[in-house]
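Inspection log for the structure reproduced underneath, given as structure tokens.
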There are 2 protein chains.
Amino acid sequence: MSNPLVRKLECYTRLSEADRLCLIDAVGPGRMVAARTDIIHEGDDPRTVNVILDGWACRYRQFINGRRQIVSFLLPGDPCDPHIFLLDDMDHTIGAITPVLLGQISGPALQAMTARSPQLELAFHREALATAAVQREWTISLGSRTGIERLAHLFCELHARLAAIGLTEGNTCPMPITQNDLGDAMGQTSVHINRTLQELRGMGLITLRSRRLTIHDPAALARLGHFDSAYLHITEQVGRAVAQHA
Amino acid sequence: MSNPLVRKLECYTRLSEADRLCLIDAVGPGRMVAARTDIIHEGDDPRTVNVILDGWACRYRQFINGRRQIVSFLLPGDPCDPHIFLLDDMDHTIGAITPVLLGQISGPALQAMTARSPQLELAFHREALATAAVQREWTISLGSRTGIERLAHLFCELHARLAAIGLTEGNTCPMPITQNDLGDAMGQTSVHINRTLQELRGMGLITLRSRRLTIHDPAALARLGHFDSAYLHITEQVGRAVAQHA
DNA sequence: CGTTGCCTTGATACCTATCAAAGGGGGTGG
DNA sequence: CCACCCCCTTTGATAGGTATCAAGGCAACG
């Protein structure tokens, strides 16, 4: 199985074999981070770009009153903080949800790669733009979709993103997050998430069990969540399992 | 008065006089766009970067059911769509709120500028990162702040952004948006925005009248909205009028 | 086999939407 | 310059979605 970073970038443009090898070499074998711990600490070398090679993580903000808002999920292949070193300091935290295998690309190595390959530069650039689009879509979800629509949309998004890097099996994909996490992401309590999940199950749209999600009716779920995969900007079809949302 | 794009970029790094002249030259005199019309149409030359030189605009998504979600406000000096031409197509619309004076930088001109001046490249890059941080902050607002906190936070953000480009007069700044717009941005109805505004006024925190906002107690408003200007990543202090939120 | 999370369920309160209608303020045409 | 009109703002009453508080069930783990 190829490197998830390679698969992720190949969602945005075709890469040469040299590009692929260069990426795999630069990102290294990675190091393990335990579940439920923070990946990015203030004080870490800011000239390094972290990449999720395996497992799930999330960006979040922790409030003093105990409330936590997750603003995005990071899946295998996702860069954690591209170019964040250009800013003064982090305004949020990145935490591992599952055990995470974390690759690192040094700033100079990244610059050398993108300087040598316009395709790689384009891929990284498009990845950043697509990430921004995902963030806008979350704003839209939280602003104008009901609880059940939000969940439906999130499941469609996560399945599509996982499909793009070949981590789905048909309509089934990993979903290693608790109802508490879902609540923190959707701006709701876990109690209400629980009831909404039951509603989704009752409609026969999904099965969510043992950290795995199955979407029984992708078209109906997408319709319910007003999901249109265009915003993900996945233009190249990589991997054999690609989302089939109508 | 200098160019708003120059003032905006100088929020992120120092620019040389040559950089400033180069920017002003590249952006041109601009063209007027009427209020309440769309700025970016599908099919416009995607190799051009649009910049707001005067007036307010917003990014939004329009739903079939009539609901509209505004995902960000664009103020003078804000680039509309940097590098969006790298993607297949727009996933949202940009519309003028007030009459807007719109500058344009051609793709090649932009590339030539940033290739010549590392400071300019850094400034554009930081601007993009700061914009992403603002988007995350909106996600946080919609996900985990109450109605009154959201409004308080938004007013703090807009005042701070306007202050950074010298468009405030002490605690007063333009606020040319209707309660309907506020509702579309905060994920609430205009009716509820109206009641929340009355509450803010009743607490003696703000005056909002004739399209102008005055913040009577910046520290208290920031506290109420859990506003911390760090996420704006405005590092250089430009312009004589800078926000004084505690 | 007990502990610890996580999931589930119930009752109540609150925030916000919805529907409806009236009051103001600024802009435009006469 | 004034009158009209449209859009924005304001207000009231009711409904609905979601939070909160509390407690029990279940399953994985040490």
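The sequence lines fix the lettering, A, B, ..., with proteins before strands; numbering per chain opens at 1.
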All salt bridge (charged side-chain N to carboxylate O under 4.0 Å, His left out) counterparts of D54(B), not counting sequence neighbours: none

Looking at every non-hydrogen atom in both residues, tell me the closest pair between L208(A) and R201(A) and how far apart they are. O-NH1, 3.0 Å

N-O pairing of R59(B) and D91(B) below 4.0 Å: no

Residue R36(B) excluded, over 12 heavy atoms near CZ under 6.0 Å: yes

Using the test side-chain hydrogen bond (donor to acceptor under 3.5 Å, both in side chains), find all partners of T196(A) that sit at least two apart in sequence or belong to another chain. none

Check each residue of residues 202-210 of chain A for a non-hydrogen atom within less than 4.0 Å of any atom in DNA chain C, then write out the ones that pass by number, or none. none

Smallest separation among heavy atoms of L53(A) and G30(A), with atom names: CD1-CA, 4.2 Å

Could you list the residues that satisfy side-chain hydrogen bond (donor to acceptor under 3.5 Å, both in side chains) with T207(A), not counting sequence neighbours? H216(A)

Reading DNA chain C from 5' to 3', where do the contacts with chain A start and stop? Cut-off is 4.0 Å to heavy atoms. dC6(C) to dA11(C)

Given protein heavy atoms under 4.0 Å, the one-letter contact record of nucleotides 23-30 of chain D, with B base, S sugar-phosphate only and - none, is simply --------

Rounded to 10°, the helix from dC1(C)-dG30(D) to dG30(C)-dC1(D) deviates from straight, judged by its five-pair end axes, by 50°

Does any non-hydrogen side-chain atom of I215(A) lie less than 4.5 Å from one of H159(A)? yes

Can you list the residues that meet the side-chain hydrogen bond (donor to acceptor under 3.5 Å, both in side chains) rule with R145(A), with sequence neighbours excluded? E137(A), S141(A), H153(A)

F73(A) meets the ring pair (Phe, Tyr, Trp, His ring centres under 6.0 Å) criterion, sequence neighbours left out, with W138(A)

Results of side-chain hydrogen bond (donor to acceptor under 3.5 Å, both in side chains) for S190(A) - residues two or more places apart only: none

Going by the rule ring pair (Phe, Tyr, Trp, His ring centres under 6.0 Å), which residues pair with W56(B) if we only count those two or more places apart in sequence or in a different chain? none

Which pair of non-hydrogen atoms, one from E127(B) and one from P79(B), has the smallest distance, and what is that distance? OE2-CD, 3.4 Å

Nearest atoms (heavy-atom pairs only) where Q188(B) meets R67(B): N-NH2, 3.8 Å

On a heavy-atom basis, the closest approach of Y60(B) and I70(B) is CB-CA, 3.9 Å

Base, backbone or nothing for each nucleotide of nucleotides 9-22 of chain D, written B, S, -, heavy atoms under 4.0 angstrom, 5' to 3'? SBBBB----SSBB-

